[in-house]
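Keep in mind the model is a prediction, meaning the values are calculated, not measured. Positions are given from 1, in the same order as the sequence printed here.
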Amino acid sequence: MDGIMLQFKKIGIEDKEFLSAKLDKLNCWLFNYSYVVLFLYRNSVNFEYALYEDFVIVKTCIHGKNRFMFPFGEGDIKSALDEVRKYAFSKGDSCIFMQFCENKVDLMLEWGDNVVRSDHYYYDFYPARNEYEYIYLAENLASLEGHFLKPKRNQINYFTSHFNWSEEAIDKDNIAEVMAFNEVWNVEKQIPAESMLNSENMALNEAFQHYFELPLKGLVLRIDGKIVAFSIGCQLNKDTFFVLFEKANSDYKGAYTMINRQFVRSLGGQYKYINRADDAGVEGLRKAKLSYMPECLQKVHYFELYRRPSNVKDEGF
């Protein structure tokens, strides 16, 4: 492939088997390393991919700036990283790797050190706390046992004692009703076009459209036959399930806590861990996610490579 620039294409439904097989081997906890996530958010955050030898290279473009995920595949990973570097600097003034798995940090830094020594570059490497992902033990979310989760149990008790509730899996018979509930929820929230929730809603609409083509699972809560909450997710790796979307009518006290617990229970103990995404730096969301006592926060790192300014001497870098 000497002399041939990376050729990126939009991720499509036809790529499901190929990309899923590649990502399954990676077995990463981070939700962007999921075919379902890449496909659902391909339009709202501009996910595309290119092939280099046996590697898949995924990029996104946010605010006009390319960002790359860690290449996944088999072979000479440093050669793949070099190829990304060449492409990035042909399009802009930096090369940004975003959100890579913790076990790739040493390799990323080793490659960066080699690049800096051999050419006129420098780099920044830093954690992105707002993008740390909350990982929970599934059994803890299903039972809500323990002193610190007593407030959650109180909400569940209120919900079950005050409302005539039922639950059911999302299927062909009720998905239109779920979509209608979501539309009402969006109108009531008056979501700004530039907000994170708007991007999430674009992905959710894709999930509704392709629900039965993708490996998605979902649950609905009803009160007196009326939908008051739903949750949708997918398998992230062999022992982890990722909750993609969750919405509830907050007029019904305990609805969010209830759909959270019941959705995990509906998985039947198939997964050890539940990934409930990041908090995006939103204080209220961070407090809510921490209140469920995560098993850990999966760290997320960024690596940004820059050309060294021409008026700066090599010494000291």
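Nearest heavy-atom pair across Ser231 and Ile259 is CB-CG1, 3.8 Å. Across Ser90 and Tyr87, no two heavy atoms sit closer than the pair OG-O, 2.6 Å. Gly112 and Phe303 get closest at one heavy-atom pair: CA-CZ, 3.7 Å. Shown here for Phe159 and Gly254, the closest heavy-atom pair between the two residues is CD1-C, 3.8 Å. The shortest non-hydrogen separation linking Gln209 to Glu213 is O-OE2, 4.1 Å. When all heavy atoms of Gly233 and Phe263 are compared, the pair lying nearest together is N-CZ, 3.7 Å.
For Asp113, the side-chain hydrogen bond (donor to acceptor under 3.5 Å, both in side chains) partners at least two apart in sequence or on another chain are Tyr123. Listed by chain and number, the residues in a salt bridge (charged side-chain N to carboxylate O under 4.0 Å, His left out) with Glu17 amount to none (sequence neighbours excluded). The salt bridge (charged side-chain N to carboxylate O under 4.0 Å, His left out) check on Arg129 picks up Asp279, with sequence neighbours excluded. Glu246 is linked by a salt bridge (charged side-chain N to carboxylate O under 4.0 Å, His left out) to Arg276, counting only residues two or more places apart in sequence or in another chain. The disulfide bond (SG atoms under 2.5 Å apart) search around Cys28 returns Cys101, not counting sequence neighbours. Residues passing the side-chain hydrogen bond (donor to acceptor under 3.5 Å, both in side chains) test with Glu110 are Lys78, sequence neighbours excluded. For Asp54, the salt bridge (charged side-chain N to carboxylate O under 4.0 Å, His left out) partners at least two apart in sequence or on another chain are Lys22.
Aromatic ring pairs are classed by plane angle as parallel below 30°, tilted from 30° to 60° and perpendicular above 60°; the pair Phe18 and Tyr49 is tilted. Using a 30° and 60° split on the angle between ring planes, Phe242 and Phe31 fall in the parallel class, below 30°. Note on ring orientation: taking the six-membered ring where Trp is involved, the planes of Tyr158 and Phe163 are perpendicular (angle over 60°, cut-offs 30° and 60°). Using cut-offs of 30° and 60° on the angle between ring planes, the pair Phe241 and Tyr271 is tilted. Taking the six-membered ring where the residue is Trp, Trp29 and Tyr273 present perpendicular rings, their angle passing 60° and hence far from 30°.
Arg286 places no side-chain N or O within 3.5 Å of a backbone atom of Glu283 that could act as its donor or acceptor partner. Counting only distance, with no hydrogens or angles, the side chain of Trp185 and the backbone of Ala248 share a donor-acceptor pair below 3.5 Å. The closest donor-acceptor contact from the side chain of Arg42 to the backbone of Phe47 lies at 3.5 Å or more, if one exists at all. Formation of a donor-acceptor pair under 3.5 Å by the Tyr35 side chain with backbone atoms of Leu214 is not found in this model. Side-chain atoms of Ser34 come within 3.5 Å of backbone atoms of Val36 as a donor-acceptor pair (strictly under, hydrogens ignored). Side chain of Tyr252 to backbone of Ile223: no donor-acceptor contact under 3.5 angstrom is found.
Note on Lys189 versus Glu200: no salt bridge recorded, every NZ/NE/NH1/NH2 to OD/OE distance being 4.0 Å or above.
Residues Glu206 and Asn43 have side chains that bring a donor and an acceptor to within less than 3.5 angstrom of each other.
Taking a 6.0 Å sphere around NZ of Lys10, one finds it holds more than 12 heavy atoms contributed by other residues, nucleotides or ligands. Other residues, nucleotides and ligands place more than 12 heavy atoms under 6.0 Å from the NZ atom of Lys9.
Sorted by first then second residue, the disulfide bond (SG atoms under 2.5 Å apart) pairs that include residues 267-303, not counting sequence neighbours, number zero. Identified under the salt bridge (charged side-chain N to carboxylate O under 4.0 Å, His left out) test for residues 164-181, with sequence neighbours left out: Glu168-Arg222, Glu177-Arg222. Within the structure, disulfide bond (SG atoms under 2.5 Å apart) pairs that include any residue of residues 45-79 do not occur (at least two apart or interchain). Residue pairs meeting the salt bridge (charged side-chain N to carboxylate O under 4.0 Å, His left out) criterion with at least one member in residues 249-261: none, sequence neighbours excluded.
In this structure, Tyr292 has its ring center at least 6.0 angstrom away from the ring center of Tyr134.
Between Met258 and Thr160 there is a side-chain heavy-atom pair separated by less than 4.5 Å.
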Open item on the list: Under the criterion side chain to side chain contact (heavy atoms under 4.5 Å, CB included), I'd like the reasoning laid out for Lys299 against Tyr132: C-alpha separation, chi angles, the key distance, then a yes or no.
Closed with: CA-CA 5 Å; Lys299 292 180 179 179; Tyr132 282 16; 3.8 Å; yes
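To the nearest 0.5 Å, atom NZ of residue Lys247 and atom CD1 of residue Ile232 are 9.5 Å apart.
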Atom pairs and distances, donor-acceptor, side-chain atoms in residues 62-74, under 3.5 Å, two or more places apart:
residue: Asn66; atom: OD1; partner: Lys59; partner atom: NZ; Å: 3.3

